[in-house]
Student: 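Below is one structure. I have some questions about it.
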Amino acid sequence: MNVRVTGPPRAVGNRLDRHTVLRKDDTLSALVMDVALHHHEKVDGTGYPHRLSGDEITLLSRMGAVCDVYDAVTSDRPYKAPWTPAEAIHEMLSWNGHFDEYVLAAFVRSVGVYPVGSLVRIPGDRLAIVIETHRKHPERPTVRAFASTTPGATIEPEDINLAETQDDILSFERPADWDLHDWEERWPELAGASLKNVKGESRKR
């Protein structure tokens with residue numbers, strides 16, 4: 001595999017040092033090594049360590065860039081709270097020149113504009129969890145409405161395929177803003193279990 005390097009690498013953290021260590025493992029393929037070194041390159045040439053651009057970046061490294069950023073921004077870190085999956089997708093789509101647009105589009109088709117587990121607000125003063133995405137209509141997933149946005153109010157849980165309605169998602173929401181601090185533990189149950197007895201309320205507004 002040939003990867004063209006344009007100019008001297010920028011010293012950014014320990015990226016090159018780590019690559020040097022990995023090179024000592026002769027069981028790793030050239031493709032793995034390339035992704036390890038170049039997943040911080042950007043298609044507009046402003047990334048690092050070699051300022052590669054466009055097709056100078058291998059396809060696997062362009063794929064690695066998308067996966068690495070998505071994982072980073074949706075993970076809980078000591079210095080920042082994680083973004084929701086929907087926030088991550090919407091933000092990444094706005095970063096012109098950062099990612100290969102075709103690779104990013106394929107990623108979005110895979111996980112959805114509103115990935116499964118996302119908390120969203122829908123018409124009728126309701127909160128809902130995304131339970132299924134649709135390849136043809138990624139912006140209109142199937143959701144499970146489970147709580148009212150009106151303090152003290154309750155609703156009957158309902159599954160809604162937005163692709164078959166005129167309703168749109170009004171916004172994606174941060175679970176913590178609705179006192180759903182255990183969201184990562186709670187949403188799989190909400191998405192997979194019968195919700196006949198689930199009721200919810202919020203203190204957000």
Student: Please verify the inter-ring angle class for Tyr114 with His90; under 30° counts as parallel, over 60° as perpendicular, anything in between as tilted.
Tutor: tilted
Student: Minimum heavy-atom separation for Ala81 to Asp76, with atom names?
Tutor: CA-OD1, 4.4 Å
Student: When hydrophobic residues are tied together by side-chain contacts of less than 4.5 Å, even through go-betweens, does Val35 share a cluster with Leu59?
Tutor: yes
Student: List the atom of Pro82, the atom of Arg174, and the distance in Å for their closest heavy-atom pair.
Tutor: O-NH1, 3.7 Å
Student: Sequence neighbours left out, cut at 3.5 Å: what donor-acceptor pairs do the side chains of residues 124-135 make with other protein atoms?
Tutor:
residue : atom : partner : partner atom : Å
Arg126  : NE   : Pro123  : O            : 3.0
Arg126  : NH1  : Glu158  : OE1          : 3.1
Arg126  : NH2  : Pro123  : O            : 3.0
His134  : NE2  : Thr142  : N            : 3.4
His134  : NE2  : Thr142  : OG1          : 2.9
His134  : NE2  : Asn161  : OD1          : 3.2

Student: Can you measure from CG (Leu31) to CG (Leu60) and round to the nearest 0.5 angstrom?
Tutor: 5.5 Å
Student: Between CH2 of Trp183 and CG of Leu190, what distance do you get to the nearest 0.5 Å?
Tutor: 5.5 Å
Student: Considering only heavy atoms from C-beta outward, does the side chain of Val143 approach that of Leu162 to under 4.5 Å?
Tutor: yes
Student: Look at the side chain of Glu173 and the backbone N and O of Val120, then say whether any donor-acceptor pair between them is shorter than 3.5 Å.
Tutor: no
Student: Testing the basics here: between Ile57 and His38, what is the closest heavy-atom pair and its distance to 0.1 Å?
Tutor: CG2-O, 4.5 Å
Student: Which pair of non-hydrogen atoms, one from Tyr70 and one from Pro115, has the smallest distance, and what is that distance?
Tutor: OH-CG, 4.0 Å
Student: Would you find more than 12 non-hydrogen atoms of other residues, nucleotides or ligands less than 6.0 Å from Lys136 atom NZ?
Tutor: no
Student: Ignoring hydrogens and geometry, is there a side-chain-to-backbone donor-acceptor pair from Glu87 to Phe172 under 3.5 Å?
Tutor: no
Student: Tell me every residue that passes salt bridge (Lys or Arg N to Asp or Glu O under 4.0 Å) with Asp44, counting only those two or more places apart in sequence or in another chain.
Tutor: none
Student: I need the minimum non-hydrogen distance between Glu139 and Ile169, along with the two atoms involved.
Tutor: O-CD1, 4.4 Å
Student: Looking at Glu56 and Ser53, would you say the former's side chain and the latter's main chain have a donor-acceptor pair under 3.5 Å?
Tutor: yes
Student: Please check: side-chain N/O of Lys80 versus main-chain N/O of Val73, any donor-acceptor pairing under 3.5 Å?
Tutor: yes
Student: Do you know which of Pro85, Ser118, Pro138 makes side chain to side chain contact (heavy atoms under 4.5 Å, CB included) with Val113?
Tutor: Pro138
Student: Once you round to the nearest 0.5 Å, how far does CZ of Arg140 lie from CG of Asp167?
Tutor: 7.5 Å
Student: Let me confirm one number: the CG-CH2 distance from Asp182 to Trp187, rounded to the nearest 0.5 Å.
Tutor: 13.5 Å
Student: Using atom types as modelled, flag every donor-acceptor pair under 3.5 Å from a side chain in residues 95-102 to any protein atom, sequence neighbours excluded.
Tutor:
residue : atom : partner : partner atom : Å
Trp95   : NE1  : Glu91   : O            : 3.3
Asp100  : OD1  : Tyr102  : N            : 2.8
Asp100  : OD1  : Val103  : N            : 3.1
Asp100  : OD2  : Arg62   : NH1          : 2.6

Student: Nearest 0.5 angstrom please: Ile122 CD1 to Ile160 CD1, how far?
Tutor: 4.0 Å
Student: To the nearest 0.5 Å, what is the distance between CG (Leu104) and CE (Met92)?
Tutor: 5.5 Å
